[in-house]
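By convention here, the first residue in the shown sequence is residue 1. If you're wondering where the values come from, they're calculated on a predicted model, not measured in any experiment.
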Amino acid sequence: MASVKWIKQISVINTTFNGSFQNIDYMYYPNKDNDQNAFPVTAININSTIQKPLDMEKINTGVHLIKGIAWTGKGVITKVEISMDDGYTWSNADILPGKNAGYGWVSWSFEWKISEKGEYTIKSRATDSFGQIQPNLPFWNKKGYGYNAIDKIKVKVE
């Protein structure tokens with residue numbers, strides 16, 4: 001079920017359980033007009049997010065540490081890339097030491113040396129050990145589950 005923190009008992013059955021969480025709620029509905037080809041949400045999609053700086057933050061020229069987290073539902077995160085020019089070019093971020101055994105976040109950082117004032121779009125994308133790469137556009141579905149498009153923020157360098 002969905003809220004395992006309330007488990008009081010486990011029963012083993014020899015058929016597929018047909019509860020609402022398995023058949024209605026946690027499902028991908030890929031068609032806008034009907035429920036055909038629906039399938040269950042099973043694994044977390046590869047994803048990353050930028051935590052610092054904040055979206056629309058004003059910063060000064062100089063050296064800034066861009067920080068964030070990345071995660072995946074299969075394997076482990078093997079690479080995080082950062083773009084400072086809205087995705088035209090990409091550079092590898094550092095995956096910080098720590099537990100990277102799967103099913104958890106990894107922290108990453110990137111040192112950005114910026115000398116030119118202006119507005120910048122910063123993007124992050126992750127890759128995992130199964131070769132999954134965070135997409136520019138996510139898989140569309142009615143309920144919005146699994147959203148994992150490349151993260152982006154804007155900053156103004158003054």
Side-chain angles (χ1 to χ4, degrees), residues 1-57 66-110 112 119-155:
M1 295 293 287
S3 299
V4 295
K5 62 187 172 196
W6 293 311
I7 288 180
K8 292 182 179 179
Q9 177 183 345
I10 296 177
S11 298
V12 178
I13 59 176
N14 63 0
T15 59
T16 301
F17 182 69
N18 290 319
S20 63
F21 289 112
Q22 288 72 28
N23 291 326
I24 299 169
D25 292 334
Y26 295 118
M27 299 284 290
Y28 289 118
Y29 292 95
N31 298 318
K32 292 180 183 182
D33 300 328
N34 59 53
D35 293 347
Q36 290 181 346
N37 301 317
F39 59 97
V41 175
T42 55
I44 294 172
N45 290 333
I46 187 166
N47 213 334
S48 71
T49 189
I50 301 165
Q51 297 176 310
K52 180 183 176 186
L54 299 174
D55 189 31
M56 304 304 289
E57 189 171 335
I66 298 171
K67 297 168 84 175
I69 56 174
W71 61 96
T72 186
K74 291 192 214 175
V76 296
I77 296 296
T78 57
K79 179 169 62 171
V80 176
E81 297 170 286
I82 302 300
S83 173
M84 306 307 173
D85 56 11
D86 198 21
Y88 291 103
T89 61
W90 294 89
S91 299
N92 288 335
D94 294 320
I95 296 175
L96 302 178
K99 202 173 188 181
N100 190 7
Y103 306 110
W105 298 345
V106 295
S107 296
W108 56 264
S109 67
F110 181 84
W112 184 30
E119 294 184 4
Y120 294 84
T121 299
I122 302 172
K123 292 184 173 185
S124 71
R125 72 178 175 197
T127 301
D128 70 16
S129 57
F130 280 79
Q132 296 180 106
I133 300 171
Q134 192 174 347
N136 196 38
L137 296 173
F139 165 73
W140 184 91
N141 64 92
K142 269 197 265 200
K143 292 193 171 196
Y145 287 134
Y147 182 88
N148 69 329
I150 290 172
D151 194 25
K152 79 176 176 181
I153 64 166
K154 292 186 179 201
V155 295

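- Taking every heavy atom of both residues into account, Leu54 and Glu57 meet most closely at N-OE1, 2.8 Å.
- Taking every heavy atom of both residues into account, Ser124 and Ile150 meet most closely at O-CG2, 3.2 Å.
- In Lys154, the NZ atom is not crowded: 12 or fewer heavy atoms of neighbouring residues, nucleotides or ligands sit closer than 6.0 Å.
- Here the options are Asn45, Asn47, Asn148, the test is side chain to side chain donor-acceptor pair (under 3.5 Å), and the partner is Gln134; only Asn47 passes.
- The side-chain heavy atoms of Ile69 and Ser48, taken from C-beta on, include no pair separated by under 4.5 Å.
- The side-chain heavy atoms of Ser83 and Tyr88, taken from C-beta on, include no pair separated by under 4.5 Å.
- Annotation: side chain to side chain contact (heavy atoms under 4.5 Å, CB included) contacts of Ala38 (sequence neighbours excluded): Met27, Tyr29.
- Not one N or O on the side chain of Asp128 forms a donor-acceptor pair closer than 3.5 Å with the backbone of Val76.
- The shortest distance between side-chain heavy atoms of Ile66 and Met84 falls below 4.5 Å.
- The environment of Ile10 atom CD1 is sparse: at most 12 non-hydrogen atoms of other residues, nucleotides or ligands sit within 6.0 angstrom.
- With a 4.5 Å cut-off on side-chain heavy atoms, Ile122 and Lys152 do not count as touching.
- Below 30°, between 30° and 60°, or above 60°: for Tyr26 and Tyr145 the angle between ring planes is between 30° and 60°, a tilted geometry.
- Contact record, Tyr28 with Ala43: OH-O, 4.4 Å, taken as the closest heavy-atom pair.
- At least one side-chain heavy atom of Trp108 sits under 4.5 Å from a side-chain heavy atom of Ile50.
- Contact check for Val80 versus Ile77: side-chain heavy atoms found under the 4.5 Å cut-off.
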Contacts table for residues 90-97: side-chain donor-acceptor under 3.5 angstrom, sequence neighbours left out:
unit_1, atom_1, unit_2, atom_2, d
Trp90, NE1, Gly87, O, 3.2

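- For the pair Asn31 and Asn37, the tightest heavy-atom approach, listed with the atom from each and the gap, is ND2-ND2, 3.6 Å.
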